[in-house]
Undergrad: 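Below you will find the structure I want to go over with you.
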Amino acid sequence: MATLRLGDTAPNFEAETTLGHIKFYDWLGDSWGVLFSHPSDFTPVCTTELGTVANYYPEFQKRNTKVIALSVDGVESHHKWIKDIEETQNVTLQYPIIADESKEVANLYDMIHPNADDTFTVRSVFIISPDKKVKLILTYPASTGRNFDELLRVIDSLQLTANYSVATPANWKDGEDVVISPSIKDEDIPSKFPKGFTGIKPYLRMTPQPNK
């Protein structure tokens, strides 16, 4: 089985979820997507993560981004876990959790890493663009909870750089200056970036975020 890489087409699939049967591409539609996996239900770190995503759900909606979780347990188990998540994290879960007992989706997305566990999915994150391309892959150790502020930051960057000839520098946050693509010539900058630019080095030119 080939490993998914950035720029690959995200595999399509059908699955049962806590919100019913889905066809992934149809469910995603024209939205961005975040698919994030968990080793199994009733795990402590993942309980906090699912609760955090529920709290952040409006932020994902603002970015035209759908979120969907995955565990290798079944729908009935998922629903029991959701009760715990909602009770302990003081949230209401608005997004689906995939029941992947057959591990079909886990295998499509290379979520089972034998060095970690032969049976359970690792804690991976995939950001998928509306054209169904994989734009980000992150895999976390079991002991470290995921940073969803970082995932929102990456989505902001991906959506910005998809529409403008820019890149985002280290620790960039929405609203801060961005890097002009090296492919843009200095003489073409005024027409493309009317807010002006600062030339730090010939290859490092900063400009205010163009969509602000």
Undergrad: For Ile68, which of Leu28, Val34, Ile22 qualifies under side chain to side chain contact (heavy atoms under 4.5 Å, CB included)?
TA: Ile22
Undergrad: Minimum heavy-atom separation for Val72 to Pro39, with atom names?
TA: CG2-O, 3.5 Å
Undergrad: Would you confirm whether Thr65, through its side chain, and Gln61, through its main-chain N or O, come within 3.5 Å as a donor-acceptor pair?
TA: no
Undergrad: Between Glu16 (side chain) and Ile98 (backbone), is there a donor-acceptor pair under 3.5 Å?
TA: no
Undergrad: Does Asn163 CG have over 12 foreign heavy atoms under 6.0 Å away?
TA: yes
Undergrad: Show the nearest heavy-atom pair for residues Val91 and Gly51, with the distance to one decimal.
TA: CG1-O, 3.6 Å
Undergrad: State the CG-CD1 distance between Leu50 and Ile82, to the nearest 0.5 angstrom.
TA: 8.0 Å
Undergrad: Report, as yes or no, whether the 6.0 Å neighbourhood of atom NZ on Lys195 holds more than 12 heavy atoms from other residues, nucleotides or ligands.
TA: yes
Undergrad: Looking only at the side chains, is there a donor atom on one of Ser165 and Ser181 sitting less than 3.5 Å from an acceptor on the other?
TA: no
Undergrad: Side chains of Ile128 and Phe24: closer than 4.5 Å at any heavy-atom pair?
TA: yes
Undergrad: Looking at CD of Gln159 and NZ of Lys135, how far apart are the two atoms once the value is rounded to the nearest 0.5 Å?
TA: 11.5 Å
Undergrad: With side-chain contact (heavy atoms from CB on, under 4.5 Å) as the criterion, how do Leu138 and Leu151 come out once you've worked through the C-alpha distance, each side chain's angles and the decisive distance to 0.1 Å?
TA: CA-CA 10 Å; Leu138 283 173; Leu151 294 182; 3.9 Å; yes
Undergrad: Has Lys66 got its NZ or CZ under 6.0 Å from the middle of the six-membered ring of Trp32, at an angle within 45 degrees of the ring axis?
TA: no
Undergrad: Report yes or no: is the cationic atom of Lys23 (NZ for Lys, CZ for Arg) closer than 6.0 Å to the six-membered ring centre of Phe13, at no more than 45° off its axis?
TA: no
Undergrad: Verify the neighbour count for atom NZ of Lys132: are there more than 12 heavy atoms of other residues, nucleotides or ligands below 6.0 Å?
TA: yes
Undergrad: Stepwise, does the side-chain contact (heavy atoms from CB on, under 4.5 Å) test hold for Asp177 with Gln209?
TA: CA-CA 5 Å; Asp177 287 359; Gln209 185 171 327; over 6 Å; no
Undergrad: If you group Ile, Leu, Val, Met, Phe, Trp and Tyr by side-chain heavy-atom gaps below 4.5 Å, do Tyr95 and Leu70 land in one group?
TA: no
Undergrad: Could you state whether Phe148 and Ile85 fall into the same hydrophobic cluster, counting links through intermediate Ile, Leu, Val, Met, Phe, Trp or Tyr residues with side-chain heavy atoms under 4.5 angstrom apart?
TA: yes
Undergrad: Decide yes or no on side-chain contact (heavy atoms from CB on, under 4.5 Å) for Ile184 and Ile189, but give the supporting numbers first.
TA: CA-CA 7 Å; Ile184 304 298; Ile189 289 178; 4.0 Å; yes
Undergrad: Identify the heavy atoms of Ser31 and Asn64 that sit nearest to each other, and give their distance.
TA: OG-OD1, 3.1 Å
Undergrad: Mind checking the SG-OH spacing from Cys46 to Tyr140? Nearest 0.5 Å is all I need.
TA: 12.5 Å
Undergrad: Taking side chain as C-beta onward, heavy atoms only, is Thr52 less than 4.5 Å from Arg146?
TA: no
Undergrad: Tell me who clusters with Met206, hydrophobic residues only, linked when side chains sit under 4.5 Å apart either directly or through other members.
TA: Val179, Ile200, Tyr203, Leu204
Undergrad: Could you state the interatomic distance from OG1 (Thr47) to CD (Glu87), rounded to the nearest 0.5 Å?
TA: 11.0 Å
Undergrad: Hydrophobic cluster membership, with links at side-chain heavy-atom distances under 4.5 Å among I/L/V/M/F/W/Y: are Val125 and Ile137 in one?
TA: no
Undergrad: Short question: side chain of Arg123, backbone of Thr144 - any donor-acceptor pair under 3.5 Å?
TA: yes
Undergrad: For a quick test of reading the model, state the closest non-hydrogen atom pair linking Ser71 to Asp41 and the distance between them.
TA: OG-OD1, 3.0 Å
Undergrad: Atom CE in Met111, atom NE2 in His38: separation rounded to 0.5 Å?
TA: 9.5 Å
Undergrad: Hey, is CG on Asn171 packed in by over 12 heavy atoms from elsewhere, all under 6.0 Å?
TA: no
Undergrad: Just do the salt bridge (Lys or Arg N to Asp or Glu O under 4.0 Å) check on Asp156 and Arg63 with the steps written out, would you?
TA: CA-CA 8 Å; Asp156 286 339; Arg63 293 162 172 82; 2.7 Å; yes
Undergrad: Is there a side-chain contact between Asp100 and Ser102 in this structure, where contact means two heavy atoms from C-beta onward sitting under 4.5 Å apart?
TA: yes
Undergrad: Determine the minimum heavy-atom distance between Thr168 and Ser157, stating which atoms define it.
TA: OG1-OG, 2.8 Å
Undergrad: Membership question, hydrophobic clusters at under 4.5 Å side-chain separation (ILVMFWY): are Phe60 and Val134 in the same one?
TA: no
Undergrad: I'd like to know if the side chain of Thr18 and the backbone of Ile97 have a donor-acceptor N/O pair within less than 3.5 Å.
TA: yes
Undergrad: Before you tell me yes or no, could you show the steps for Phe42 and Ser77 under side-chain contact (heavy atoms from CB on, under 4.5 Å), namely the whole-Å CA-CA distance, both residues' side-chain angles and the distance that decides it to 0.1 Å?
TA: CA-CA 9 Å; Phe42 306 103; Ser77 175; 3.5 Å; yes
Undergrad: Are the aromatic rings of Phe126 and Phe36 close, with centres under 6.0 Å apart?
TA: no
Undergrad: Judged by atom type as modelled, is there a donor-acceptor pair below 3.5 Å linking the side chain of Thr207 to the main-chain atoms of Ile180?
TA: no
Undergrad: Do NZ/NE/NH1/NH2 and the carboxylate oxygens of Asp186 and Arg205 come within less than 4.0 Å?
TA: yes
Undergrad: Determine whether a donor-acceptor pair (N or O, by modelled atom type, separation under 3.5 Å) exists between the side chain of Tyr109 and the backbone of Leu4.
TA: no
Undergrad: Look only at the side chain of Glu86 and the backbone of Leu93, and say whether a donor-acceptor pair between them is shorter than 3.5 Å.
TA: yes
Undergrad: Any chance CG of Asp26 has more than 12 other-residue heavy atoms, nucleotides or ligands included, within less than 6.0 Å?
TA: yes
Undergrad: List the steps and the verdict of side chain to side chain donor-acceptor pair (under 3.5 Å) for Asp73 and His78.
TA: CA-CA 7 Å; Asp73 292 317; His78 287 355; 5.5 Å; no
Undergrad: Are the charged groups of Arg153 and Glu150 less than 4.0 angstrom apart, N to O?
TA: yes
Undergrad: Are Leu158 and Tyr56 co-members of a hydrophobic cluster defined by side-chain heavy atoms under 4.5 Å apart?
TA: yes
Undergrad: Count the heavy atoms of every other residue, nucleotide or ligand shown that sit under 6.0 Å from CD of Glu76, and state whether that count exceeds 12.
TA: no
Undergrad: Short question: side chain of Asn107, backbone of Lys103 - any donor-acceptor pair under 3.5 Å?
TA: yes
Undergrad: Would the distance check show the side chain of Thr17 and the main-chain N or O of Leu19 forming a donor-acceptor pair, the cut-off being under 3.5 Å?
TA: yes
Undergrad: Where do Ala167 and Val178 come nearest, in terms of heavy atoms and distance?
TA: O-CB, 3.4 Å
Undergrad: Between Gln94 and Ala54 (side chain of the first, backbone of the second, donor and acceptor by atom type, cut-off under 3.5 Å), is there such a pair?
TA: yes
